[in-house]
Amino acid sequence: MDFWQRYRAIDARDTRFDGQFYTAVRTTGIYCRPSCPARTPKAANVTFYETSAAAHDAGYRACKRCLPEAVPGTPAWNVRQDIAGRAMRLINDGVVNRDGVDGLAARLGYSSRQLNRILSQELGAGPLSLARAGRAQTARTLLVSTSMKLADVAFAAGFSSVRQFNETMVEVFDLTPSALRAARHPKSPAGSTALTLSLPYREPFDPGVFTFLAVRALPGIESGTQTSYARTLRLPQGDARFRVEYDAGTPGRPLTLTIGAVDLRDLPALLSRVRRLFDLDADPVAIDGALAEDPRLAAAVARTPGIRMPGALDPAEMLIRAMVGQQITVAAARTALTQLAAVGSSSRSPGEGLDRMFPTPAEIAADGCALLRGPRKRIEALRAAASALADGTLDFGYGDDVASLGAKLLPLAGVGPWTVGYLAMRVLGAPDVFLGNDSAVRNGIKALEQRQDYLGGGSGGAWTSSPDFREVSPWRSYATMHLWRAAAHPAAGVRLAPRTDAPAAGSRTPEKAIR
């Protein structure tokens with residue numbers, strides 16, 4: 001967006017752009033979200049920043065009226081597969097807090113000096129400033145949403161000292177932590193020990209993501225319904241347990257995160273991963289607008305606005321799950337993964353019927369493969385992948401781009417283009433992946449075409465768009481989600497062809513979806 005496009009957005013107070021850029025006003029010394037209800041400033045006094053960190057570094061403080069830190073993040077970090085996007089995904093996951101700037105730079109293959117220069121040029125702030133802004137945002141959320149002690153808030157948000165925490169909050173918000181809490185803190189439920197936070201998102205929101213996760217949930221590790229999802233999770237500092245619930249009947253349709261157990265040092269990483277899991281930083285209006293332009297998808301988008309692309313809480317786990325699920329149905333994959341999960345350790349923080357952890361790659365390599373049934377080559381491929389993850393030979397994650405992900409995974413036996421594309425969607429949040437060879441995608445296209453005919457629309461000459469859906473780029477991953485749903489829920493009277501395209505068992509790239 002250029003200056004005047006952004007200026008028109010703030011003049012319209014368009015909430016769709018909250019979190020995607022920030023408006024700094026020289027005459028007041030504050031920065032706001034685009035939808036701030038204050039009077040629109042003169043264009044001559046406005047500077048736009050890509051990140052709140054850049055506004056901080058330029059000497060601006062956050063607006064107390066619109067609270068620009070209390071908004072969804074920008075979807076740009078998934079759309080952008082460049083070094084800036086990769087760095088932001090890792091910073092949001094807490095890498096700078098854990099490993100410092102040198103650790104972040106090493107993961108990205110740059111020197112810390114080069115990385116600082118690139119991010120300052122691209123985003124207006126270096127990695128330390130970007131991480132600091134993230135800490136301030138996490139701290140504000142904890143202050144206004146929980147009864148945690150101020151010192152606990154400081155360390156949970158990633159600050160190294162209470163003094164640093166106090167100074168940052170005053171500098172960013174022009175309020176002490178105590179004053180910020182007094183102004184906004186709601187009453188906590190009596191006797192509550194869990195952390196309960198509200199997760200901001202851009203509307204509309206399709207809760208189908210809960211169903212997607214629920215049908216794949218592994219007993220003892222995960223549980224899910226059409227409006228809730230809970231699981232245990234292994235984070236850098238220890239075990240965690242959380243639940244996310246969606247209430248469509250309450251004003252504002254809140255998404256509520258309840259954290260039953262977590263090491264406070266892991267809290268920023270947990271918040272970031274939960275947001276990625278539910279794709280809460282997406283811009284559904286922009287996505288739906290582009291998808292609806294394709295005649296094959298228009299009706300599906302109208303029926304299901306705000307569809308989300310499920311993310312991944314753990315990249316290594318997602319690779320294992322994808323490999324186990326190749327060539328079999330979702331139900332069969334769930335059965336096999338439940339058997340495999342038996343080698344996982346007990347959770348150190350059990351609760352709500354969740355008492356186990358998904359097995360580590362080392363546990364799978366040592367004992368897990370003996371529990372699996374199927375072609376020997378497939379099981380050996382899984383064992384080799386788990387061993388490579390366990391000994392560090394294979395290391396991939398949120399800091400990769402699609403190209404580097406493929407370079408790391410394609411040399412593995414049992415991994416081909418479908419698996420790489422699926423992991424790019426789930427782990428990287430890559431928005432423009434189209435799995436054209438996927439049988440469910442083809443069945444989804446057929447279902448939409450036949451639904452059109454069945455309902456009397458008649459496809460006629462309407463289905464003249466390209467077979468790879470390039471017209472809806474860069475949102476083809478979301479088109480894939482619509483096609484999967486259409487294949488899973490065809491209209492009455494629509495019959496789909498059986499799957500016949502799965503490679504032979506034991507082939508070099510046994511690519512069949514665990515969707």
Student: Trp484 and Asp438: side-chain donor and acceptor closer than 3.5 Å?
Tutor: yes
Student: Return the minimal non-hydrogen interatomic distance between Ser160 and Phe155, and the atom names on each side.
Tutor: O-CE2, 3.5 Å
Student: Does Arg476 make a cation-pi contact with Phe469 (under 6.0 Å, within 45 degrees of the axis)?
Tutor: no
Student: Check this for me: does any side-chain nitrogen of one of Asp400 and Lys408 sit under 4.0 Å from a carboxylate oxygen of the other?
Tutor: yes
Student: Dump the intermediate steps for side-chain hydrogen bond (donor to acceptor under 3.5 Å, both in side chains) on Asp239 and Ser349, then the final yes or no.
Tutor: CA-CA 7 Å; Asp239 296 355; Ser349 305; 5.7 Å; no
Student: Apply side-chain hydrogen bond (donor to acceptor under 3.5 Å, both in side chains) to residues Ser477 and Thr480 and explain how you reach the verdict.
Tutor: CA-CA 5 Å; Ser477 296; Thr480 297; 5.8 Å; no
Student: Ignoring hydrogens, what is the shortest heavy-atom contact between Phe48 and Thr23? Give both atom names and the distance.
Tutor: CE2-OG1, 3.4 Å
Student: Is a donor from one side chain sitting under 3.5 angstrom from an acceptor on the other, for Glu245 and Thr258?
Tutor: no
Student: With the threshold set at 4.0 Å, does a side-chain nitrogen-carboxylate oxygen contact exist between Asp279 and Arg308?
Tutor: no
Student: Would you say the side chain of Tyr60 lies within less than 4.5 Å of the side chain of Ile30, judging by non-hydrogen atoms?
Tutor: no
Student: Answer whether the closest heavy-atom distance between the side chains of Leu199 and Val274 falls below 4.5 Å.
Tutor: yes
Student: Does Glu50 come within less than 4.0 Å of Arg6, counting only side-chain N to carboxylate O?
Tutor: yes
Student: Sort out for me which residue in Thr168, Val172, Asn97 forms a side chain to side chain contact (heavy atoms under 4.5 Å, CB included) with Arg135.
Tutor: Asn97
Student: Is it true that Tyr49 and Tyr31 have ring centroids separated by less than 6.0 Å?
Tutor: no
Student: Between Tyr478 and Trp475, how do the two ring planes meet: parallel, tilted or perpendicular, split at 30° and 60°?
Tutor: perpendicular
Student: Restricting to non-hydrogen atoms, name the atom on Val262 and the atom on Ala240 that form the minimum distance, rounded to 0.1 Å.
Tutor: CG2-CB, 4.0 Å
Student: Are Arg253 and Phe205 packed together at the side-chain level, in the sense that at least one heavy-atom pair is separated by less than 4.5 angstrom?
Tutor: no
Student: State whether Arg273 and Asp93 are salt-bridged, where the test is any N-O pair (Lys NZ or Arg NE/NH1/NH2 against Asp/Glu carboxylate O) under 4.0 Å.
Tutor: yes
Student: Can Asp283 and Arg202 be said to form a salt bridge (Lys or Arg N to Asp or Glu O under 4.0 Å), step by step?
Tutor: CA-CA 6 Å; Asp283 182 355; Arg202 297 180 182 89; 5.4 Å; no
Student: Could Asp99 and Arg107 be called an ion pair, given the rule that one side-chain N must be under 4.0 Å from one carboxylate O?
Tutor: yes
Student: I'd like to check Asp263 versus Asp266 (side-chain heavy atoms, cut-off strictly below 4.5 Å). Are they in contact?
Tutor: yes
Student: Under 6.0 Å between ring centres, would you say that holds for Tyr201 and Phe278?
Tutor: no
Student: Walk me through whether Phe396 and Leu319 qualify under side chain to side chain contact (heavy atoms under 4.5 Å, CB included).
Tutor: CA-CA 10 Å; Phe396 71 97; Leu319 173 60; 3.8 Å; yes
Student: I'd like to know whether Leu90 forms a side chain to side chain contact (heavy atoms under 4.5 Å, CB included) with Asn92, so could you lay out the CA-CA distance, the side-chain angles of the two residues, the decisive distance to 0.1 Å, and finally the verdict.
Tutor: CA-CA 5 Å; Leu90 290 173; Asn92 290 338; over 6 Å; no
Student: Looking at Arg98 and Ala269, what are the two nearest heavy atoms and their distance?
Tutor: NH1-CB, 3.8 Å
Student: Does a side-chain heavy-atom distance below 4.5 Å link Arg276 with Tyr398?
Tutor: yes
Student: Do the side chains of Arg86 and Glu122 get close enough for a salt bridge, i.e. N-O under 4.0 angstrom?
Tutor: no
Student: Do Ile259 and Leu270 have side chains that get closer than 4.5 Å, going by heavy atoms?
Tutor: yes
Student: Do Asp57 and Ser120 have side chains that approach each other closer than 4.5 Å (heavy atoms only, starting at C-beta)?
Tutor: no
Student: Does Glu167 come within less than 4.0 Å of Arg132, counting only side-chain N to carboxylate O?
Tutor: no
Student: Does the pair Asp206 and Thr304 meet the rule for a side-chain hydrogen bond (donor to acceptor under 3.5 Å, both in side chains), with working shown?
Tutor: CA-CA 7 Å; Asp206 170 44; Thr304 313; 5.5 Å; no
Student: For Ile10 and Phe21, which heavy atoms make the closest approach, and how far apart are they?
Tutor: CG2-CE1, 3.9 Å
Student: For residues Leu405 and Asp401, determine if any side-chain heavy atom of one lies less than 4.5 Å from a side-chain heavy atom of the other.
Tutor: no
Student: Quick one: closest heavy-atom pair of Ala70 and Arg140, and the distance?
Tutor: CB-NH2, 3.0 Å
Student: Check Glu352 with Arg243, please: is the shortest side-chain N to carboxylate O separation under 4.0 Å?
Tutor: yes
